[in-house]
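Written below as structure tokens is the structure these notes are about.
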Amino acid sequence: MREMRITAANANDKQLKRLYETAFPVDEQIPWDDLMRLIREMSLDFTTYYDGEEFIGFTIVYPRKTFNWYWYFAVREELRGKGYGQRILDQLIERYKGQTCVLDMESPYQQPCDNIEQRKRRHEFYLRNGFRDTDVYRTYNDITMTVMMMGQGTFTMQDWDDITNELKRFWWPEDIKEG
């Protein structure tokens, strides 16, 4: 599988933008123009993946000293369930081998919600690949997120607050309500 690093200068692919805008709930998206600015200002690792010339998906990782934050991970809907997500995650794990990595995802324990089966499948996918639950949860705009981790150490609410405060230095919408 071929990888290509994305910068604000080469992120004009309509298929990439469409996947970003359809793979995540609107409440979890950063507006595209703001995301492009963050790529420059935060040194995000934005990578697209191809099988030959066919666009498969993308990841966005925020590399940090204490842990790498797997921020976004998407595979085109019509290609899900065909092993591409596994291949992408394998490459991502290899890239950050030996480093602590965390991700947040919609909690598989939030009830009620419209996509509980999808959340459970995603949670199991990460567990199978070496991530573990941290028992850290945060709710934004009625969506409960859970943090999973791979590697050494622990992840605490203070870590969540630290990374949120870092992000707030670059971008944070006024309409997000923490609960």
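- Counting heavy atoms from C-beta on, the side chains of Thr134 and Met148 never come closer than 4.5 Å.
- Ring centers of Tyr72 and Phe24: under 6.0 Å apart, within the cut-off.
- The ring-ring contact (aromatic ring centres under 6.0 Å, His included) search around Phe170 returns none, not counting sequence neighbours.
- The salt bridge (Lys or Arg N to Asp or Glu O under 4.0 Å) search around Glu94 returns none, not counting sequence neighbours.
- Figure legend: cation-pi geometry between Arg64 and Phe67, with NZ or CZ positioned under 6.0 Å from the six-membered ring centre and within 45° of its axis.
- Residues satisfying the ring-ring contact (aromatic ring centres under 6.0 Å, His included) test with Tyr137, not counting sequence neighbours, are none.
- Glu54 pairs by the salt bridge (Lys or Arg N to Asp or Glu O under 4.0 Å) definition with Arg76, not counting sequence neighbours.
- Between Leu167 and Trp71, some side-chain heavy-atom pair lies under the 4.5 Å cut-off.
- Counting only residues at least two apart or on different chains, the salt bridge (Lys or Arg N to Asp or Glu O under 4.0 Å) pairs with a member in residues 121-135 are Glu106-Arg122.
- For the residue pair Ala74 and Ala23, the shortest heavy atom distance occurs at CB-CB, 3.8 Å.
- The two residues Asp51 and Ile56 have their closest heavy-atom pair at N-CG1, 3.5 Å.
- Contact annotation: the side chain of Met145 approaches that of Ile143 to within less than 4.5 Å [non-hydrogen atoms, C-beta and beyond].
- Residue pairs meeting the salt bridge (Lys or Arg N to Asp or Glu O under 4.0 Å) criterion with at least one partner in residues 5-14, sequence neighbours excluded, are Arg5-Asp45.
- At a threshold of 4.5 Å between non-hydrogen side-chain atoms, the residues Tyr70 and Thr59 do not count as touching.
- Taking all atoms of both residues into account, the shortest heavy-atom contact from Met36 to Phe46 is CE-CE1, 3.8 Å.
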